[in-house]
Amino acid sequence: MRATIAGILALLILTIFWNNALSADPPPPQFPGPFPVELKVGEIFIVSKSVEIVSPVRFPICDDLKVVNVVDTPDGLAFKGIAPGKTLCSVASGATMSGGMGPRRVFTITVHEE
């Protein structure tokens, strides 16, 4: 009789822990940090062809427009190296269910002389 009660109690405890484990929120996705991009002066990096963000991409932001400029190409939005230096840029993914702005992806862009 004691063995039956102990077995039922163990099964009950196991079920409670299992349900709590299943109902826990999954951890948020972790990005390794800004995606590094190396460019030469005059060279472009087409963001929409990058695997780092889902197209279409919108709302570009760059910290230093003396180093990088945002340009529109037939293949989509791109960053163009203007002068040697380093800056952060980001774009938002346009792929959302609600039609709003999606997650942003940050790029560390380093421009070298030719």
Novice: Name all residues meeting the side-chain hydrogen bond (donor to acceptor under 3.5 Å, both in side chains) criterion together with Glu43; count only those two or more places apart in sequence or in a different chain, and write none if there are none.
Specialist: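 By the side-chain hydrogen bond (donor to acceptor under 3.5 Å, both in side chains) rule, Glu43 matches no residue at all.
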
Novice: Side-chain contact, heavy-atom cut-off 4.5 Å: Ile44 with Leu39?
Specialist: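 The answer is no, as the side chains (C-beta and beyond) never meet within the 4.5 Å cut-off.
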
Novice: Please tabulate, for the side chains in residues 73-86, all donor-acceptor contacts under 3.5 angstrom to protein atoms that are two or more places apart in sequence or on a different chain.
Specialist:
from  : atom 1 : to    : atom 2 : distance (Å)
Thr73 : OG1    : Asp75 : N      : 3.2
Thr73 : OG1    : Gly76 : N      : 3.2
Thr73 : OG1    : Gly76 : O      : 2.6
Asp75 : OD2    : Lys49 : NZ     : 3.4

Novice: Ser90: which residues meet the side-chain hydrogen bond (donor to acceptor under 3.5 Å, both in side chains) condition with it, sequence neighbours left out?
Specialist: Arg104

Novice: Anything under 3.5 Å between a donor and an acceptor, one on a side chain of residues 61-72, the other on a protein residue two or more places apart or in another chain? List them.
Specialist:
from  : atom 1 : to    : atom 2 : distance (Å)
Asp64 : OD1    : Lys66 : N      : 3.0

Novice: Taking ILVMFWY side chains as joined if any heavy atoms are under 4.5 angstrom apart, and letting links pass through other members, which residues group with Leu88?
Specialist: Val106

